[in-house]
*Asks:* 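Below is the structure I would like to discuss, written out as structure tokens.
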Amino acid sequence: MARKYMIAGNWKMNNTAAEGVALIKDMKAQCDGKCCCCENAPEVVVCPPFTTLSAVIAEANGTPLKVGAQNIHWEEKGAYTGEISGAMLNEVGVTHVIIGHSERRQYFGETDETVNKRVKAALKHGLVCIVCIGETLAERESDQTKAVIERQVRGALADLTAEDMKNIVLAYEPVWAIGTGKVATDEQAQEVHAFVRGLLKSMFSCPCVAENTRILYGGSMKPGNAAGLLAQPDIDGGLIGGAALKAADFLAIVKSVK
Ligand code: PGA
């Protein structure tokens, strides 16, 4: 079974509801049938801020565009100021959720353990998880990339079954490439993606997990470098930050999937 490509836009803390709706309108207007509105296209997801979700979901209604959140808390409810539960995400109607983005790990104390708790909560609520992993520049330069990636993958996926893995998408995002304009070369990215796929093979007895799990690349993916990255055998799509904020750039990346 061929893996279906996924192009996901991570809007981060950008776009009010009005701006988000305008961006979706722009995407719909610019789509020429070879992007998100076409049957054979990759799965296209946008992940706006929480307060923008319902307006974006309403605007995307009737198109194949899917909408995801940028975080989820592991508890059902309670005294967790500033957090959002799975039931709240179900109610608003998202289908996907980004978990463990490096900005959450760097600035908000996210750990492999909390990533795993959030993943389990998202699965319980029927959401597709886009789980982010990636090494810092210091880790790459001290030759720790694979050790860090292995720790993050094993931590995020602890206790998950092959059945659970049907709703997991991994996103390899080298921290040094996020928002910096410094993209990993096709070869650097492919090497880590192949490593992650090998890891999945060793972690799950069914070979279906390694074969079917999509591994996205993220970190300064742009229209100019997307085709090379997406042509790599173990790169199954992209998680796009800056370039997801402009309809033309995001759709050009979607169309780079061959
Ligand atoms: P970038 O962000 O495309 O702006 O580098 C990617 C991400 O953080 O998901």
Side-chain angles (χ1 to χ4, degrees), residues 6 8-15 20 43 45-54 56-57 66-136 139 147-173 175 178 196 199-200 203-204 206 209 212-216 218 237 239 241:
M6 174 186 283
N10 174 11
W11 291 5
K12 310 191 180 186
M13 198 173 73
N14 294 293
N15 289 333
E43 188 174 356
V45 187
V46 292
C47 301
F50 292 128
T51 55
T52 313
L53 289 171
S54 52
V56 165
I57 288 170
K66 297 186 176 141
V67 183
Q70 296 175 18
N71 199 6
I72 179 174
H73 196 263
W74 53 89
E75 293 293 345
E76 291 295 317
K77 59 166 135 176
Y80 303 99
T81 304
E83 293 285 333
I84 294 280
S85 73
M88 293 166 189
L89 294 182
N90 287 153
E91 183 185 49
V92 80
V94 299
T95 49
H96 292 62
V97 60
I98 296 173
I99 298 177
H101 189 278
S102 68
E103 287 151 16
R104 302 242 22 117
R105 295 179 191 253
Q106 267 183 298
Y107 310 138
F108 303 102
E110 195 82 71
T111 63
D112 294 328
E113 199 185 345
T114 57
V115 168
N116 180 245
K117 286 177 163 191
R118 292 184 203 273
V119 166
K120 287 172 178 164
L123 291 174
K124 192 166 149 214
H125 285 275
L127 300 171
V128 175
C129 306
I130 303 173
V131 182
C132 304
I133 53 174
E135 82 287 1
T136 62
E139 288 163 344
V148 169
I149 297 293
E150 174 158 4
R151 192 202 72 222
Q152 292 176 338
V153 171
R154 288 190 186 276
L157 307 182
D159 312 319
L160 266 54
T161 64
E163 191 58 30
D164 292 332
M165 288 300 293
K166 291 181 179 162
N167 283 323
I168 300 288
V169 176
L170 293 170
Y172 168 57
E173 301 203 300
V175 178
I178 295 178
V196 173
L199 202 52
L200 293 176
M203 288 168 65
F204 294 91
C206 180
V209 174
N212 298 338
T213 301
R214 289 172 292 180
I215 310 171
L216 315 183
L239 181 56

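Nothing fancy with the numbering, it's 1 onward along the sequence.
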*Asks:* Apply side-chain contact (heavy atoms from CB on, under 4.5 Å) to the pair Cys132 and Glu173, showing each step before the final yes or no.
*Replies:* CA-CA 7 Å; Cys132 304; Glu173 301 203 300; 3.9 Å; yes
*Asks:* Where do Cys129 and Leu123 come nearest, in terms of heavy atoms and distance?
*Replies:* SG-CD2, 4.1 Å
*Asks:* Using a 4.5 Å cut-off on heavy atoms from C-beta on, say whether the side chain of Lys120 contacts that of Leu160.
*Replies:* yes
*Asks:* Search all heavy atoms of Leu199 against all heavy atoms of Ile149 and return the closest pair with its distance.
*Replies:* CD2-O, 4.5 Å
*Asks:* Which distance, rounded to the nearest 0.5 Å, do you find between the NE2 of His73 and the OG of Ser85?
*Replies:* 10.0 Å
*Asks:* Does a sphere of radius 6.0 Å around CD in Gln106 hold more than 12 heavy atoms from other residues, nucleotides or ligands, not counting ones at 6.0 Å or beyond?
*Replies:* yes
*Asks:* Between Asn212 and Met165, is there a side-chain heavy-atom distance shorter than 4.5 Å?
*Replies:* no
*Asks:* Between Met6 and Lys66, is a side-chain contact (heavy atoms from CB on, under 4.5 Å) present by the stated rule, with each step listed?
*Replies:* CA-CA 11 Å; Met6 174 186 283; Lys66 297 186 176 141; over 6 Å; no
*Asks:* Please check: side-chain N/O of Asn167 versus main-chain N/O of Val128, any donor-acceptor pairing under 3.5 Å?
*Replies:* no
*Asks:* Do side-chain atoms of Gln70 reach the backbone of Lys12 as a donor and acceptor pair under 3.5 angstrom?
*Replies:* yes
*Asks:* Shortest non-hydrogen contact from Ala171 to Ile130?
*Replies:* CB-CG2, 4.1 Å
*Asks:* May I ask you to test the Trp11-Val56 pair for a side-chain heavy-atom distance under 4.5 Å?
*Replies:* yes
*Asks:* Would a distance-only check, ignoring hydrogens and angles, find a side-chain to backbone donor-acceptor pair under 3.5 Å from Thr52 to Asn15?
*Replies:* yes
*Asks:* Restricting to non-hydrogen atoms, name the atom on Glu163 and the atom on Lys166 that form the minimum distance, rounded to 0.1 Å.
*Replies:* OE1-NZ, 2.9 Å
*Asks:* Taking C-beta and beyond as the side chain, do Leu89 and His125 meet within less than 4.5 Å on heavy atoms?
*Replies:* no
*Asks:* Over all heavy atoms of both residues, which pair between Ala156 and Val115 is shortest? Give the atoms and the distance, please.
*Replies:* CB-CG1, 3.7 Å
*Asks:* For Asp112, does its backbone N or O pair with a side-chain atom of Arg151 as donor and acceptor, under 3.5 Å?
*Replies:* no
*Asks:* Show, in sequence, the C-alpha distance, side-chain angles and deciding distance for Asn71 and Ile84, and conclude whether the side-chain contact (heavy atoms from CB on, under 4.5 Å) test is met.
*Replies:* CA-CA 7 Å; Asn71 199 6; Ile84 294 280; over 6 Å; no
*Asks:* Would you name the heavy atoms of Glu103 and Phe108 that are closest together and state the gap between them?
*Replies:* O-CD1, 3.7 Å
*Asks:* Restricting to pairs with a member in residues 82-99, which pass salt bridge (charged side-chain N to carboxylate O under 4.0 Å, His left out), not counting sequence neighbours?
*Replies:* Glu83-Arg118
*Asks:* Any donor and acceptor pair, going by atom type alone, linking the side chain of Thr161 with main-chain N or O of Asp164 inside 3.5 Å?
*Replies:* yes
*Asks:* Counting only N and O atoms by type, is there a donor-acceptor contact under 3.5 Å from the side chain of Thr114 to the main-chain atoms of Glu110?
*Replies:* no
*Asks:* To the closest 0.5 Å, what do you measure between CG (Leu200) and CZ (Arg154)?
*Replies:* 9.5 Å
*Asks:* With the side chain counted from C-beta on, respond yes when Ile99 and Ile72 share a heavy-atom pair under 4.5 Å apart, and no when they do not.
*Replies:* yes
*Asks:* Is the shortest heavy-atom distance from the side chain of His96 to the side chain of Val169 under 4.5 Å?
*Replies:* no
*Asks:* What's the spacing between Tyr172 OH and Glu135 CD if we round to 0.5 Å?
*Replies:* 3.5 Å
*Asks:* Could you check if a side-chain atom of Asn116 sits within less than 4.5 angstrom of a side-chain atom of Trp74, using non-hydrogen atoms only?
*Replies:* no
*Asks:* Rounded to the nearest 0.5 Å, what separates atom CD1 in Ile133 from atom CG in Leu170?
*Replies:* 5.5 Å
*Asks:* Between Val148 and Thr136, is any pair of side-chain heavy atoms under 4.5 Å apart?
*Replies:* no
*Asks:* Run the side-chain contact (heavy atoms from CB on, under 4.5 Å) check on Val175 and Glu139 step by step: do they pass?
*Replies:* CA-CA 10 Å; Val175 178; Glu139 288 163 344; over 6 Å; no
